[in-house]
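This structure is a prediction, so every number in the text was calculated from the model and none was measured. Nothing fancy with the numbering, it's 1 onward along the sequence. What you see below is based on every heavy atom in this structure, not just the backbone, and it leaves out hydrogens, waters and symmetry mates.
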Amino acid sequence: MILLSVVYAANILVAGWIGVVSLFAPKTAAVTIFSYAYPATDTIRLVGCLWLAIAILSALGLWRPLTFSPVLLLQLLYKGTWLLVVALPAIRANQPYPGGMAVFFLIWMLVLPFVIPWNSWAKCEHT
């Protein structure tokens, strides 16, 4: 449970900050978060909504760690998908992409499988 709390806290800080900046200051996010790889459009604001939602769910996860742990699976899936479908082709084609974000996503992809409470989910009975 301590590892879950650490990941939730990191989500609150990182995803919360990125979410707020992307939602309310997309031009700043285009420069600082997305490393000039993408223009400041409403798409950045949409992504900000997602990250802010992850931060809010993570805050609730501090209160009920197992109940809100599926948000970690969502992160594992979308980060892995982004790395494979967006970042990797950009790297191969020598096109711009947010390198810092890619590194952070890769680290999270390595950490999350060890933090997600797979055993607790397997024990759940579905009726």
Could you pull out every donor-acceptor pair under 3.5 Å between side chains of residues 89-114 and any protein atom, sequence neighbours left out?
none

Validation: residues 50-66 side-chain donor-acceptor distances under 3.5 Å, sequence neighbours left out:
| unit_1 | atom_1 | unit_2 | atom_2 | d |
| --- | --- | --- | --- | --- |
| Trp51 | NE1 | Tyr78 | OH | 2.5 |
| Ser58 | OG | Asn11 | ND2 | 3.1 |
| Ser58 | OG | Ile54 | O | 2.8 |
| Arg64 | NH2 | Thr67 | OG1 | 3.4 |

Ignoring hydrogens and angles, write down the donor-acceptor pairs under 3.5 Å from the side chains of residues 14-37, residues two or more places apart or on other chains.
| unit_1 | atom_1 | unit_2 | atom_2 | d |
| --- | --- | --- | --- | --- |
| Ser22 | OG | Ile18 | O | 2.9 |
| Thr32 | OG1 | Thr28 | O | 2.8 |

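Atom-to-atom distance recorded for Leu72:CG and Leu3:CG is 11.0 Å, nearest 0.5 angstrom.
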Stepwise, does the side-chain contact (heavy atoms from CB on, under 4.5 Å) test hold for Trp121 with Ile116?
CA-CA 9 Å; Trp121 292 353; Ile116 292 174; 3.4 Å; yes

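Under the 4.5 Å side-chain contact rule for hydrophobic residues, Ile2 and Val115 do not share a cluster. By the rule that hydrophobic residues join a cluster once side-chain heavy atoms approach within less than 4.5 Å of another member, Leu46 and Trp82 end up as members of separate clusters. Cluster annotation: Leu13 is not connected to Phe68 through the hydrophobic network of ILVMFWY side chains, with a link wherever side-chain heavy atoms come within less than 4.5 Å.
Applying the 6.0 Å contact sphere to CG of Leu84 captures more than 12 heavy atoms from other residues, nucleotides or ligands.
In this structure, Val71 and Tyr8 have side chains that are in contact, with non-hydrogen atoms separated by less than 4.5 Å.
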